[in-house]
Amino acid sequence: MSTEPTIQPTAAEDYVSAELYTRIQQFYADQMALMDHGQAEEWAATFTEEAVFPAEVTGRAGRAASARAHAEKLIREKADLRHWLGMLDVRPQPDGTLLTRAYVLTARTVRGEELRITASVVCRDHLVEEDGRWVVSERSLRRDGSA
Amino acid sequence: MSTEPTIQPTAAEDYVSAELYTRIQQFYADQMALMDHGQAEEWAATFTEEAVFPAEVTGRAGRAASARAHAEKLIREKADLRHWLGMLDVRPQPDGTLLTRAYVLTARTVRGEELRITASVVCRDHLVEEDGRWVVSERSLRRDGSA
Amino acid sequence: MSTEPTIQPTAAEDYVSAELYTRIQQFYADQMALMDHGQAEEWAATFTEEAVFPAEVTGRAGRAASARAHAEKLIREKADLRHWLGMLDVRPQPDGTLLTRAYVLTARTVRGEELRITASVVCRDHLVEEDGRWVVSERSLRRDGSA
């Protein structure tokens, strides 16, 4: 176990509504599936224009290019990659934005080989509303096993 | 990454209600647990009579027989098998039925051996309502790593 | 597959409301994250004072001490451990308490080594309300692969 941000336990008044919680669950199911199916532009549109993700990539065009390169690499490797996100925590902020925390696992299957669970990650996002949709404005990942 | 159906990104108006989303989550928790606990008849009843699943099996009696054979095989192998379903997407259709897409992982533990994650699958279902319950009328599975 | 309690299939009237279902999902996301982040006292407070968990440990102080020892062991081993809970079933009881059943997977990553999924467990809890919060009064775990 490493030095990580302290978890603020969920007080009774911290529980978010079913409508909000399931909307964010649906947002992530969509975002992960778009990535895993190589839909680079659609995936890039689940972030704000200004977001910096992955590292040092900003702007939707740059983000889409990065996702496209990643998808093409998977095709060359004959690999399917699935991002699972779970154990979701959602905290509304006074300004109407959301801070989320979730666990992510990646399942990678190369044709003809055994499936491998390649990474366990804690994902912390800042979500903002744009045109009635939630999008990620900031993402911070902490991979298990890193220093 | 292989050729797979394109994901239709979730537009703001595509999000389903919390009531529907959690109902389908509960449906799958039930369906997977029934399978994993060897309750063949109850599992078979989570499909329509006409559904063809698994491959070439139709009718609830045939489906139950197939599930029973599978459960008995696990007992002989001293194996526990758990189906995890997540990253759920639910799309209501104009006729009131639902199309769903989800990721499935299978965790298999043989007594005295290490647990193995044996498969990652994308599951696409057509759900219809029968007597106030959702049941699967069509299921299509695409296993990661297949051609 | 081993001898386990029979699953009561979810009848149409058994589905719980979205508000209750997502509240319990949030409860578990919180409880697992507190454990995995080594917050022993906060984790211990997600059980009743009288609960016996882990085996033979009772009282929040004893439970916190047990969790603290576990967290310190992980630090010494340079291991991150993540508890995933899913496939959740929630059954309200006539006295207003809840019986839940869920699958749990543990993902363990030691610095410099590959991630391992170390256990698959079926978790059955009895939840009671205390001061407007759900807490665990009884927990029974059945680890896959055990006799």
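All chains are named by letter (A, B, ...) in the order of the sequence lines, taking the proteins before the strands, and each is independently numbered beginning at 1. It should be emphasised that the depicted structure is a prediction, and the values quoted were computed from it without experimental measurement.
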Side chain, backbone, both or neither of Gln26(B) within contact of chain C (heavy atoms, under 4.5 Å) = both
Per-residue contact mode, Leu85(B) against chain C (heavy atom under 4.5 angstrom) = both
Could you look at Glu19(B) and say if it's the side chain, the backbone, both or neither that has a heavy atom under 4.5 Å from chain C?
-> both
Which residue out of Asp30(B), Ile117(B), Leu20(B), Asp131(B) racks up the most heavy-atom pairs below 4.5 Å with chain C?
-> Asp30(B)
Smallest separation among heavy atoms of Met35(C) and Trp43(C), with atom names | CB-CD1, 3.7 Å
Max heavy-atom pair count under 4.5 Å with chain B, selected residue of Thr22(C), Asp89(C), Thr6(C) = Thr6(C)
Where on Tyr103(C) is there a heavy atom nearer than 4.5 Å to chain B: the side chain, the backbone, both, or neither?
-> both
Check whether any side-chain heavy atom of Arg101(C) sits under 4.5 Å from a side-chain heavy atom of Val122(C), and report yes or no.
-> yes
Could you tell me whether the side chain of Thr97(B) reaches within less than 4.5 Å of the side chain of Ser137(B), counting heavy atoms only?
-> no
Within a strict 4.5 Å, meaning less than it, do heavy atoms of the Arg116(C) and Glu114(B) side chains meet?
-> yes
One option among Arg23(B), Met32(B), Arg133(B) has the most heavy-atom pairs under 4.5 Å with chain C, and it is Arg23(B)
Please check if the side chain of Asp125(B) supplies one atom and the backbone of Thr100(B) the other of a donor-acceptor pair under 3.5 Å.
-> no
State, yes or no, whether a side-chain contact exists between Arg124(C) and Leu99(C) at a heavy-atom distance under 4.5 Å.
-> no
Given a strict heavy-atom distance threshold of 4.5 Å, which part of Gln8(C) is in contact with chain B: side chain, backbone, both, or neither?
-> backbone
Of all heavy-atom pairs between Asp36(B) and Arg82(B), which one has the smallest distance, and what is that distance?
-> OD2-CA, 3.2 Å
Checking heavy-atom separations under 4.5 Å from chain B, one finds in residues 45-57 of chain C none
Chain C contact via Glu113(B) - side chain, backbone, both or neither, heavy atoms under 4.5 Å = neither
Please name the pair of heavy atoms, one in Ala107(B) and one in Leu105(C), separated by the smallest distance, quoted to 0.1 Å.
-> CB-CD2, 4.1 Å
Which region of Val16(C), side chain (C-beta onward) or backbone (N, CA, C, O), has a non-hydrogen atom less than 4.5 Å from a non-hydrogen atom of chain B, or is it both or neither?
-> both
Contacting moiety of Phe27(B), where chain C heavy atoms sit under 4.5 Å | both
Any side-chain heavy-atom pair of Tyr28(C) and Leu127(C) under 4.5 Å | yes
Donor + acceptor pair across side chains of Thr10(C), Arg91(C) (<3.5 Å) = yes
What part of Leu88(C) lies closer than 4.5 angstrom to a heavy atom of chain B: side chain, backbone, both or neither?
-> backbone
Part of Ala102(C) lying under 4.5 Å from any heavy atom of chain B = neither
What pair of heavy atoms forms the shortest contact from Trp134(B) to Gly96(B), and how long is it?
-> CH2-O, 3.4 Å
Count the heavy atoms belonging to other residues, nucleotides or ligands that lie under 6.0 Å from CD of Glu41(B), then report whether that count exceeds 12.
-> yes
Output for pair (Arg143(B) CZ, Thr118(B) OG1), nearest 0.5 Å, gives 6.5 Å
Heavy atoms under 4.5 Å from chain C: which residues of residues 58-69 of chain B carry them?
-> none
Just by modelled atom types, is the Val135(C) backbone N or O under 3.5 Å from a matching donor or acceptor in the Glu130(C) side chain?
-> no
Carboxylate-amine/guanidinium proximity below 4.0 Å for Arg142(C) and Asp144(C) | yes
Does any non-hydrogen side-chain atom of Arg108(C) lie less than 4.5 Å from one of Leu74(C)?
-> yes
